[in-house]
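This structure is a prediction, so every number in the text was calculated from the model and none was measured.
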Amino acid sequence: TPYSGFTAVIDYSQDSTKLGWNRHRAFVGCNLSRQVREWNGQKYSQEDFAELVDKWADLVVECPGAPDATAANLLQMANDLEMEETRVIKVRRDPKTRPFQVQPPHGAAAHTTVYPRFCVKMPIFDGRPERTVEIRLKLEKQGAGFGFHVDIHNLDRFVAKECAGMAAELTKATEGVP
């Protein structure tokens, strides 16, 4: 459905002939937020990724274990890769710092760091509080160049927590109703 959520019937009775039988309900919506839809399971070209980061730059926050993965550095990363006319020729992961090191063609000395994870504040469901989520970033070959694949790490846990919270709210909203 275009709008989904939890519905609780708060006037349920066994007698279906009663006038208000099953008519009074409480509803809590749970559509995935636009941010979740844009940041989870999507593939972006370098240019599209830069636009996405620019659009949500104010929501990129410091991530434990990845303090350099700021919005500015993510934009720089996407732009540095995009500027190379013949694109990237070699990608390796630095075993100490974990980010990828990307080498442009012709043995150039310049390297671009690709951050494998960073954090963004976003609501999981529309109308719900923002949570800090970890985005996992993969550099992928796309046609003649490279692009980015993004996923929200442990999204299923965030969804479960939000659903439990909404169920508790629904229970509270129906307390004392016969």
- request: Under the salt bridge (Lys or Arg N to Asp or Glu O under 4.0 Å) rule, collect the residues that match up with Lys161, sequence neighbours excluded.
  value: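 If we apply the salt bridge (Lys or Arg N to Asp or Glu O under 4.0 Å) test to Lys161, skipping adjacent residues, there are no hits.
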
Sequence-distant partners of Arg157, salt bridge (Lys or Arg N to Asp or Glu O under 4.0 Å), two or more places apart: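 Partners of Arg157 under the salt bridge (Lys or Arg N to Asp or Glu O under 4.0 Å) test: none.
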
task: For the pair Ile135 and Met122, evaluate side chain to side chain contact (heavy atoms under 4.5 Å, CB included) and give the outcome as yes or no after the intermediate values.
output: CA-CA 11 Å; Ile135 306 295; Met122 68 178 69; 4.2 Å; yes

- prompt: Do Ser33 and Asp126 touch side chain to side chain, with heavy atoms closer than 4.5 Å?
  reply: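 Yes, close enough: below the 4.5 Å cut-off.
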
query: So, Gln42 side chain and Arg37 main chain: donor-acceptor pair closer than 3.5 Å or not?
result: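 Answer holds: yes.
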
task: Determine yes or no for a side-chain-to-main-chain donor-acceptor pair under 3.5 angstrom, with Asp151 supplying the side chain and Asn40 the backbone.
output: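 Between the backbone of Asn40 and the side chain of Asp151 there is no qualifying donor-acceptor contact (under 3.5 Å).
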
field: Point-to-point distance, once rounded to the nearest 0.5 Å, from CE of Met77 to OG1 of Thr70
entry: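 It is 10.5 Å, given to the nearest 0.5 Å.
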
query: Roughly how far, to the nearest 0.5 Å, is the CZ atom of Phe118 from the CG atom of Leu74?
result: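 CZ of Phe118 is found 5.0 Å from CG of Leu74.
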
- request: List the steps, then state whether side chain to side chain contact (heavy atoms under 4.5 Å, CB included) holds for Phe125 with Met166.
  value: CA-CA 10 Å; Phe125 294 113; Met166 288 186 283; 3.5 Å; yes

message: Does anything in residues 55-72 form a salt bridge (charged side-chain N to carboxylate O under 4.0 Å, His left out)? List the pairs, not counting sequence neighbours.
response: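 Residue pairs passing salt bridge (charged side-chain N to carboxylate O under 4.0 Å, His left out), neighbours aside: Glu38-Lys55.
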
message: Run Gln35 and Val133 through side chain to side chain contact (heavy atoms under 4.5 Å, CB included) and show every step you take.
response: CA-CA 11 Å; Gln35 295 93 324; Val133 300; over 6 Å; no

task: Write out all pairs satisfying disulfide bond (SG atoms under 2.5 Å apart) with one or both partners inside residues 126-160, taking only residues at least two apart or from two chains.
output: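 Matches after skipping sequence neighbours: none remain.
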
- prompt: Which residue pairs pass the disulfide bond (SG atoms under 2.5 Å apart) test when at least one of the two sits in residues 40-74, sequence neighbours left out?
  reply: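 Residue pairs passing disulfide bond (SG atoms under 2.5 Å apart), neighbours aside: Cys63-Cys119.
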
- request: Just say parallel, tilted or perpendicular for the rings of Phe148 and Phe49, cut-offs at 30° and 60°.
  value: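 The arrangement is tilted - the two ring planes meet at 30° to 60°.
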
Heavy-atom closest pair, residues [X] and [Y]:
X	Y	result
Thr132	Lys121	OG1-CG, 3.5 Å
Leu32	Val36	CD2-CG1, 4.1 Å
Glu162	Pro129	OE1-CD, 4.5 Å

message: Quick check: is Val61 connected to Ile124 through a chain of hydrophobic side chains (ILVMFWY, heavy atoms under 4.5 Å apart)?
response: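 Different clusters: Ile124 never reaches Val61 through Ile, Leu, Val, Met, Phe, Trp or Tyr contacts under 4.5 Å.
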
- request: Apply side-chain contact (heavy atoms from CB on, under 4.5 Å) to His153 and list each qualifying residue two or more places apart in sequence or on a separate chain.
  value: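 With sequence neighbours excluded, His153 shows a side-chain contact (heavy atoms from CB on, under 4.5 Å) to Glu134, Arg136, given in chain and number order.
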
